[in-house]
Amino acid sequence: MEHHTSPDDPRVRERARAIWEREGRPEGRHIEHWQQATREIAEEDAVPGPDAGLQTPDSASERALHEAAEHLRGVDAHSHHRQSTTTES
């Protein structure tokens, strides 16, 4: 979900205050801190989520291939784990 920052966004207010406190509470830099907070939050919001870029299979055959590949990855991981535990003994 994309979130656009607005002047009354509480996240900006909290971040600007944190920046101000981190910098020793200097006077006269509130606009700079507010702008920095707005930029940081906008950058964070622009980072794609964990599902970004994943494609959904269009057909049953593609779903079956995808499921088979996932199964084989799991089998390969288990067989590799078994091999490493038998060689360590």
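Closest approach of Val12 to Ala37, counting heavy atoms only: O-CB, 3.7 Å.
The existence of a salt bridge linking Arg11 and Asp45 is confirmed by a sub-4.0 Å separation between a basic side-chain nitrogen and an acidic carboxylate oxygen. The residues Arg39 and Glu44 are annotated as not salt-bridged, no charged nitrogen and carboxylate oxygen being separated by less than 4.0 angstrom.
You'll find the side chain of Trp34 reaches within 4.5 Å of the side chain of Arg13, heavy atoms only.
Listed by chain and number, the residues in a side-chain contact (heavy atoms from CB on, under 4.5 Å) with Glu21 are Arg17, Arg25 (sequence neighbours excluded). Under the rule for a side-chain contact (heavy atoms from CB on, under 4.5 Å), Glu67 has no partner lying at least two apart in sequence or in another chain. Scored by the side-chain hydrogen bond (donor to acceptor under 3.5 Å, both in side chains) test, Glu14 finds no partners at all (sequence neighbours excluded). Every residue meeting the side-chain contact (heavy atoms from CB on, under 4.5 Å) condition with Arg29, not counting sequence neighbours, appears here in chain and number order: Glu23, Pro26, Glu32, His33. For Gln36, the side-chain hydrogen bond (donor to acceptor under 3.5 Å, both in side chains) partners two or more places apart in sequence, or in a different chain, are Glu40.
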